[in-house]
Amino acid sequence: MGAELTKAVKKRYNQIVAFSSFSALQQSGIGKMESLEGENKGSYSLRISANYRLIVSPEAKDLSAESLKACDTLIIKGVIDYHGKGKKYSWLIP
């Protein structure tokens, strides 16, 4: 991955663990979080750079606001090389 991208992933990870809930992370604006669709529905991307995203899934019983507010655990699915909607993701860290 390279040293620069590795540092950026670690920085984003450190930011994530500083939050007490998934909802607080969403509201913070860190990483310009976006919900994913299709086979990754229920997961979210956080920007690491212009082309790289950290993919996470809240460990919640559902995706309701109440459930996400109570959610304090994320599953990190990996890092993808992201080149826009409708394109296949290339996983760097699956």
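The figures that follow rest on heavy atoms only: side chains count, while hydrogens, waters and symmetry mates do not.
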For S23, side chain to side chain contact (heavy atoms under 4.5 Å, CB included) partners two or more places apart: S21, Q27, K69
Residue pairs meeting side-chain hydrogen bond (donor to acceptor under 3.5 Å, both in side chains), one or both in residues 55-64, sequence neighbours left out, come to S43-S57, D62-S64
To the nearest 0.5 Å, what is the distance between CG on D81 and OH on Y52? 4.5 Å
Side-chain heavy atoms under 4.5 angstrom apart, residues restricted to Ile, Leu, Val, Met, Phe, Trp, Tyr: same cluster for I76 and V17? yes
Please name all residues satisfying side chain to side chain contact (heavy atoms under 4.5 Å, CB included) with A60, sequence neighbours left out, ordered by chain then number. S67, L68, C71
Is any side-chain heavy atom of L54 closer than 4.5 Å to one of I16? yes
Please identify which of these residues, I48, L46, T6, meets the side chain to side chain contact (heavy atoms under 4.5 Å, CB included) condition with V79. I48
Name all residues meeting the side chain to side chain donor-acceptor pair (under 3.5 Å) criterion together with K10; count only those two or more places apart in sequence or in a different chain, and write none if there are none. N14
According to side chain to side chain donor-acceptor pair (under 3.5 Å), who are the partners of Q15, at least two apart in sequence or on a separate chain? R12
So which heavy atom on L63 is nearest to which on P58, and how close? CD2-CG, 4.2 Å
Nearest 0.5 Å please: distance from the CG atom of N40 over to the CD1 atom of I55. 6.5 Å
All side chain to side chain donor-acceptor pair (under 3.5 Å) counterparts of R47, not counting sequence neighbours: none
Which pairs pass ring pair (Phe, Tyr, Trp, His ring centres under 6.0 Å) with one or both residues in residues 3-27, sequence neighbours excluded? F22-Y44
